Amino acid sequence: MAKDFPKRSEDYSQWYNEIVNRADLAEHSAVRGCMVIKPYGYAIWEKMQAQLDKMFKETGHTNAYFPLFVPKSLFEAEEKNAEGFAKECAVVTHYRLKNDEDNPGKLKVDENAKLEEELIVRPTSEAIIWKTYKGWIQSYRDLPILVNQWANVVRWEMRTRLFLRTAEFLWQEGHTAHATKKEAIDETKMILDIYADFAQRFMAMPVIKGVKSETERFAGALDTYCIEALMQDGKALQAGTSHFLGQNFAKAFDVKFTNKEGKQDYVWASSWGVSTRLMGALIMTHSDDNGLVLPPNLAPFQVVLIPIYRKEEEFEKVVEKLKEIKTQLEAKGISVKLDDRDTHKPGWKFAEYEFKGVPLRIALGPRDLESGTIEIARRDTLEKHSLDQSDIVTKVEHLLENIQSNLYNKAADYREEMTHKADTYDEFKNILEEKGGFIYAHWDGTSETEEQIKQETKATIRCIPLDSKLEEGKCIYSGKLSKQRVIFAKAY
RNA sequence: CGGGGUGUAGCGUAGCCCGGUUAUCGCGCCACGUUUGGGACGUGGAGGCCGCAGGUUCGAAUCCUGCCACCCCGACCA
């Protein structure tokens, strides 16, 4: 059991902060709103990256890199996009410092080094990328362009929380260009499927695929598709978005191509991204009052081996056996850490790895060597069993699979339990207040109603789910006709 | 950016209201010894610009002003 650790039920945000801290995932830096991602946290992000990168490449995308800075004139070209991000942009105005005569040893901005045109630190890269694409595209033969970049972006948020909302964050942003509207929409949806697939199979996090309402839409998009997940405090988290941009950016940057019929047309576009926010989603989906819980598919190491011994001679025998097991496991592609440090006691290590969410812990001691047994403990259920050493690799493989699916099922059950239907506004408010979670309710489709509900309850439309059936009903707020339920929730 | 709160050793804290010896305690850290199957114990030791800057005072962790950071609630946030 973790010592002095806050419970989720008592103080959820405190619990979250403590996990991030104590599991060595990240910490606040000397820069306001910016985090240092620590090695253990970064290792999880790298696993995410590797898998997503693979999925993007399997579907024909390639990586490239575009500049961090966007000249203001380019940034403002797509009006809605610029307007949407204007309030949270970091701006570079000068390119040089000089010695401050009044304060020896200090530097100050050299006013003579003012930039003629300010540079915006990218909050997203559509502008610089579409400016570039203009030079790449003349004919339908140049299309499609399927490019992704792994990058950092800056959004000057007022209130930040590690991983969930930081001023600088890491992400991938895909930017594609197509000859037809259909192709661009297909791309947008295909990426959404990749995101959902990744969330479910790797993060063990169930998500709902949907499309955003107009007010929640990405600035500059015609449609924003999203995956929405439910956290353990009943709040929703937008885990990824995929935007159909229509011809907005092509028009803003004058990107035309000649089609097969010899006519000029504007290029169709999509953009899509997931960020280090997924780390926050991962933490909040599975972790418990004993610390972090990681799904085997994303854990930096899936199994930790801990030797138990008294004397030097026992240590050697135990470690020898553990090394053998490590080799066998690794041959099957299982990632293993053997912690043979003699600076910490077994009990200390048990607590440490439990807190860090390592899916499986294997302990081996002198007694086991005699009896041919081995102790395996799983993090998700905290169950501990002494097993026969034979077929250990197969047992571990099964257990890892089992943990992965168990975590998904647990999260899915929780979401199921926290998903409600509301047919009246009173019912809606009651559920929000007493239970939280996702609420399926009818909505008249107007931004006014959406805004009113948000003002009065803090709940927003998370998405219009893609897979839900059409169903006649009346808007819970206005009583006007509605053809489909949408999902409301309080959100991060 | 508005309201509330916090900032003292790596972490958590006492002291602050009511200024006055050498800034309290626990965890952690270091050394030695005993230990090692769920966060060991003993003895000794190191570690402090009391968030930063200025002011009041003979004297400031303590009072005043400004700033910074963090936490909570808002506003803001695809």
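So that the names make sense, note that chain A is the first sequence line, chain B the second, and so on, each numbered from 1. Keep in mind that this is a model prediction, so the values were computed, not measured.
Within 4.0 Å (heavy atoms only), A:Gly33 reaches sugar-phosphate atoms of the nucleic acid but no base atom. Contacts of A:Arg361 with the nucleic acid, taken as non-hydrogen atoms under 4.0 Å apart, include base atoms. Base engagement by A:Asp368 is indicated by at least one non-hydrogen atom pair under 4.0 Å involving a base atom. Across all strands, A:Trp15 comes closer than 4.0 Å to no nucleic acid atom at all (heavy-atom distances). Residue A:Tyr492 is classed as having no contact, given no heavy-atom separation below 4.0 Å to the nucleic acid.
A:Arg277 places a side-chain N or O within donor-acceptor distance of the main-chain N or O of A:Gln238, the cut-off being under 3.5 Å. Remark: the backbone N or O of A:Glu18 is not paired with any side-chain donor or acceptor of A:Trp15 at under 3.5 angstrom. Looking only at distances, no side-chain donor or acceptor of A:Thr460 sits under 3.5 Å from a matching main-chain atom of A:Arg462. Under a 3.5 Å cut-off, the side chain of A:Glu78 and the backbone N or O of A:Lys80 do form a donor-acceptor pair. Within the 3.5 Å criterion, the main-chain N or O of A:Leu369 finds no donor-acceptor partner in the side chain of A:Lys317. Between the side chain of A:Thr132 and the main chain of A:Ile128, a donor-acceptor pair closer than 3.5 Å is present.
Shown here, B:A31 forms a base pair with B:U43; the pair counts as Watson-Crick or G-U wobble because both key distances fall under 3.5 Å. A 3.5 Å limit on both hydrogen-bonding distances identifies B:A69 as the Watson-Crick or G-U partner of B:U6. Taking a pair to require two hydrogen-bonding distances under 3.5 Å in either a Watson-Crick or a G-U wobble arrangement, B:U13 remains unpaired. Judged by Watson-Crick or G-U wobble contacts below 3.5 Å, the nucleotide B:C58 has B:G20 as its partner. The pairing partner recorded for B:G74 is B:C1, the criterion being a Watson-Crick or G-U wobble arrangement whose two distances lie under 3.5 angstrom.
Atom CZ in A:Arg165 sits about 14 Å away from atom C1' in B:G74, given to the nearest Å. Between A:Leu322 atom CG and B:G37 atom C1' the separation is 13 Å, expressed in whole Å. Residue A:Met35 contributes atom CE, which lies 13 Å from atom P of B:C71 at whole-angstrom precision. One can place CG of A:Asn17 at 12 Å from P of B:G12, the figure rounded to the nearest angstrom. Distance CD1 (A:Ile376) to P (B:G37): 20 Å, rounded to an integer number of Å. Rounding to whole angstrom units, CD of residue A:Glu370 and C1' of B:G37 are separated by 13 Å. Look at CD on A:Glu314: it is 12 Å from P on B:G37, rounded to the nearest Å. Distance CZ (A:Arg22) to P (B:G28): 13 Å, rounded to an integer number of Å.
Between A:Lys87 and B:C77 there is a side-chain N or O to OP1 or OP2 distance below 4.0 Å. Between A:Arg32 and B:A69, a side-chain N or O to OP1/OP2 separation shorter than 4.0 Å is present. In terms of phosphate contacts, A:Arg159 brings a side-chain nitrogen or oxygen within less than 4.0 Å of OP1 or OP2 of B:C72. For B:C71, one of the phosphate oxygens OP1 or OP2 lies less than 4.0 angstrom from a side-chain nitrogen or oxygen of A:His28. For the OP1/OP2 pair of B:C72 and a distance below 4.0 Å, the side-chain nitrogens and oxygens of A:Ser13 include at least one atom meeting the criterion.
With B:G39, B:C70, B:C76 as the candidates, the nucleotide lying closest to the side chain of A:Glu352 is B:G39. Taking the side chain of A:Lys345 as heavy atoms from C-beta on, and the options B:C71, B:U36, B:C76, the nearest nucleotide is B:U36. Distances were taken from every side-chain heavy atom of A:Lys458 (C-beta onward) to each of B:G39, B:A75, B:G37; the shortest belongs to B:A75.
For the P atoms, the distance from B:G39 to B:C27 is 16 Å, rounded to whole Å. Taking atom P on both B:C29 and B:U22, the two are 32 Å apart, rounded to the nearest angstrom. Here the separation of B:A9 from B:C25, taken at their C1' atoms, is 13 Å to the nearest Å. Nucleotides B:G51 and B:C70 place their C1' atoms 10 Å apart, quoted to the nearest Å. For the P atom pair drawn from B:A31 and B:G47, the interatomic distance equals 16 Å after rounding to whole Å. The gap from the C1' atom of B:U62 to that of B:G20 amounts to 11 Å, rounded to the nearest Å. For the C1' atoms, the distance linking B:G5 with B:C41 amounts to 40 Å, nearest Å. Comparing the P positions of B:G26 and B:A14 gives a spacing of 15 Å, expressed to the nearest Å.
The base of B:G39 has none of its N or O atoms less than 3.5 Å from a complementary donor or acceptor on the side chain of A:Lys349. Remark: the A:Arg310 side chain and the B:G37 base include no donor-acceptor N/O pair separated by less than 3.5 Å.
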- [ ] Please test A:Trp272 against A:Phe218 for ring pair (Phe, Tyr, Trp, His ring centres under 6.0 Å), starting from the C-alpha separation and ending with a verdict.
- [x] CA-CA 10 Å; A:Trp272 28 274; A:Phe218 176 74; over 10 Å; no
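The 5' end of RNA chain B is approached more closely, in terms of each residue's nearest nucleotide, by A:His344 than by the other of A:His344 and A:Leu364. Summary of the strand contacts: A:Pro366 and A:Asp11 both lie near RNA chain B, and taking for each the nucleotide with the nearest heavy atom, the more 5' one is attributed to A:Pro366.
Of the charged side-chain nitrogens involved, at least one lies within less than 4.0 Å of a carboxylate oxygen, so that A:Glu228 and A:Lys212 count as a salt-bridged pair.
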